[in-house]
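One structure below.
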Amino acid sequence: MNTPMSNWTTDPAPLLRVGGGFRLDEVDTRSTPGYDGNKKSGREDLGACVGVLTDLQERLFAAHHEADSGPAVLLILQAMDTAGKGGIVRHVVGSVDPQGVELASFKKPTDEELAHDFLWRIRARVPGPGMIGVFDRSHYEDVLIGKVRGLADEEEIERRYDAINDFETELAEAGVRIIKVMLHISPDEQKDRLMERLDRPDKYWKYNPGDVDERLLWPDYMKAYQTVFERTSTEAAPWFVVPADRKWYARLAVQRLLLDALHAIDPQWPPADFDIAVEKQRLAES
């Protein structure tokens, strides 16, 4: 990977990638797979790679954003509450030109959305050519909450797993590189972060009493995530589980995954569609 010198000792992608035999309950949420540095070096490395990320994103946007088809990137962020999705959006995706980013945050479905298949509202927000799309939560809510809260029966949940795989295969075949990330924190870390929100007036707005209700279902959610990984981590759209108790590492790891996807696309500056010499002459005479 053509990035500035850093403290990555190994490529984290295979370390984070969900594969056969993966067990979520065996992941150390405070670990830093592939990275040999600390918080200070992590922040330095994150900043050092911003220029590379920005360059690749601008090339992608410049070459394809006006095309009818072409490559794009879709970053899907899933996690329990307080795991740091917002920090990823601000500190990683937020470092690039916003005109090349499409952010979608999926909340509780509206009545209109419920009148359609669960993928209807998702399809409408798929990034176009040349764009980086970010899903803050996604269609996976419909199999996670749906399963844990009993909002859909088992037959419907099973149908949704297959529909998701077909949908993501379709996107990949159209040139969308999908990065599916589960930010994995411990229940103790979540409790500390929720308590911080209650201790700071500037964080009250982030606190939702319903988060405590969801905490009570933590084991059920972990089982639901395990099933999601087993059913929907595919060659076209693999899952990556990022330990997220250390916010600085989670941001660094997602930045690395995003950089890897953009390097694989290898976007190039588009050639001029006009006569450069003629335009220089016209400009000089203007």
Exercise. If a pair satisfies salt bridge (Lys or Arg N to Asp or Glu O under 4.0 Å) and one of its residues is in residues 100-116, list it, with sequence neighbours excluded.
Key: Glu113-Arg121

Quiz item: Do Phe118 and Val143 have side-chain heavy atoms sitting under 4.5 Å apart?
Solution: no

Exercise. For residues Ala63 and Gln268, report the shortest heavy-atom separation together with the two atoms involved.
Key: CB-O, 3.4 Å

Quiz prompt | Main-chain N/O of Arg30 paired to Arg246 side chain as donor or acceptor, under 3.5 Å | solution = yes

Quiz item: Strictly by modelled atom types, are Tyr35 and Ser41 linked by a side-chain donor-acceptor pair under 3.5 Å?
Solution: yes

Practice problem: Verify the neighbour count for atom CD of Glu279: are there more than 12 heavy atoms of other residues, nucleotides or ligands below 6.0 Å? | Solution: yes

Exercise. Output yes when a side-chain donor or acceptor of Arg251 lies under 3.5 Å from a complementary backbone atom of Leu46, and no otherwise.
Key: no

Quiz prompt | Asp45 side chain vs Asn7 backbone, donor-acceptor pair below 3.5 Å | solution = yes

Quiz item: So do Gln190 and Glu214 actually touch side chain to side chain, heavy atoms under 4.5 Å?
Solution: no

Self-check item: Minimum-distance pair of heavy atoms, taken over all atoms of Leu15 and Pro33
Solution: CD1-C, 3.9 Å

Self-check item: Exam field: side chain Glu230 to backbone Phe22, donor-acceptor pair closer than 3.5 Å
Solution: no

Quiz item: Where is the tightest heavy-atom contact between Pro243 and Leu16, given as atom of each residue plus distance?
Solution: CD-CD2, 3.9 Å

Quiz item: Under a 4.5 Å cut-off applied to non-hydrogen side-chain atoms, are Ile122 and Tyr140 in contact?
Solution: no

Self-check item: Check ion pair Arg159-Glu156 (N to O, under 4.0 angstrom)
Solution: yes

Quiz item: About how many Å separate CG of Asp136 and CG of Leu103, when rounded to the nearest 0.5 Å?
Solution: 6.5 Å

Exercise. Look up atom OG in Ser95 and atom CZ in Arg90, then write down how far apart they are to the nearest 0.5 Å.
Key: 13.0 Å

Quiz prompt | Separation between CZ of Arg43 and CG of Asn38, rounded to the nearest 0.5 Å | solution = 10.5 Å

Self-check item: Linked, directly or transitively: Ile132 and Val181 (ILVMFWY side chains, under 4.5 Å)
Solution: yes

Quiz item: Could you give the distance from NZ (Lys147) to CZ (Arg160), rounded to the nearest 0.5 Å?
Solution: 11.5 Å

Practice problem: Test Met80 against every option in His184, Arg215, Met222 by the side chain to side chain contact (heavy atoms under 4.5 Å, CB included) rule and name the one that passes. | Solution: Met222

Quiz prompt | Parallel, tilted or perpendicular, as decided by the 30° and 60° cut-offs, for the rings of His139 and Phe135 | solution = perpendicular

Quiz prompt | Rounded distance (nearest 0.5 Å) linking atom CD of Gln99 with atom NE2 of His65 | solution = 7.0 Å

Practice problem: Flag the pair Gln255 / Val50 as yes when at least one side-chain heavy-atom distance between them is below 4.5 Å, and no otherwise. | Solution: yes

Quiz item: In the single-linkage hydrophobic clustering (I, L, V, M, F, W, Y; side-chain heavy atoms under 4.5 Å), do Val101 and Leu56 co-cluster?
Solution: yes

Quiz item: Heavy atoms, side chains only, cut-off 4.5 Å: are Val228 and Gln78 in contact?
Solution: no

Self-check item: Check: Thr9 side chain, Gly34 main-chain N or O, donor-acceptor pair, under 3.5 Å
Solution: yes

Practice problem: Mind checking ring-ring contact (aromatic ring centres under 6.0 Å, His included) for Tyr207 and listing every partner two or more places apart, or none if nothing turns up? | Solution: none

Please table the atom pairs, donor to acceptor, closer than 3.5 Å between any side-chain atom in residues 82-89 and protein atoms at least two apart or in another chain.
none

Quiz item: Mind checking whether Phe106 and Asp142 have side chains closer than 4.5 Å, heavy atoms only?
Solution: no

Quiz item: Mind checking whether Asp81 and Asn208 have side chains closer than 4.5 Å, heavy atoms only?
Solution: no

Exercise. Verify whether one side chain among Asp245 and Thr29 offers a donor that lies under 3.5 Å from an acceptor in the other.
Key: yes

Quiz item: Distance from Arg177 atom CZ to Leu74 atom CG, nearest 0.5 Å?
Solution: 13.0 Å

Quiz prompt | Side chain proximity check, Asp11 to Asp260, heavy atoms < 4.5 angstrom | solution = yes

Practice problem: Taking only Lys NZ, Arg NE, NH1 and NH2, and the carboxylate oxygens of Asp or Glu, determine whether Glu235 and Arg17 approach each other closer than 4.0 Å. | Solution: yes

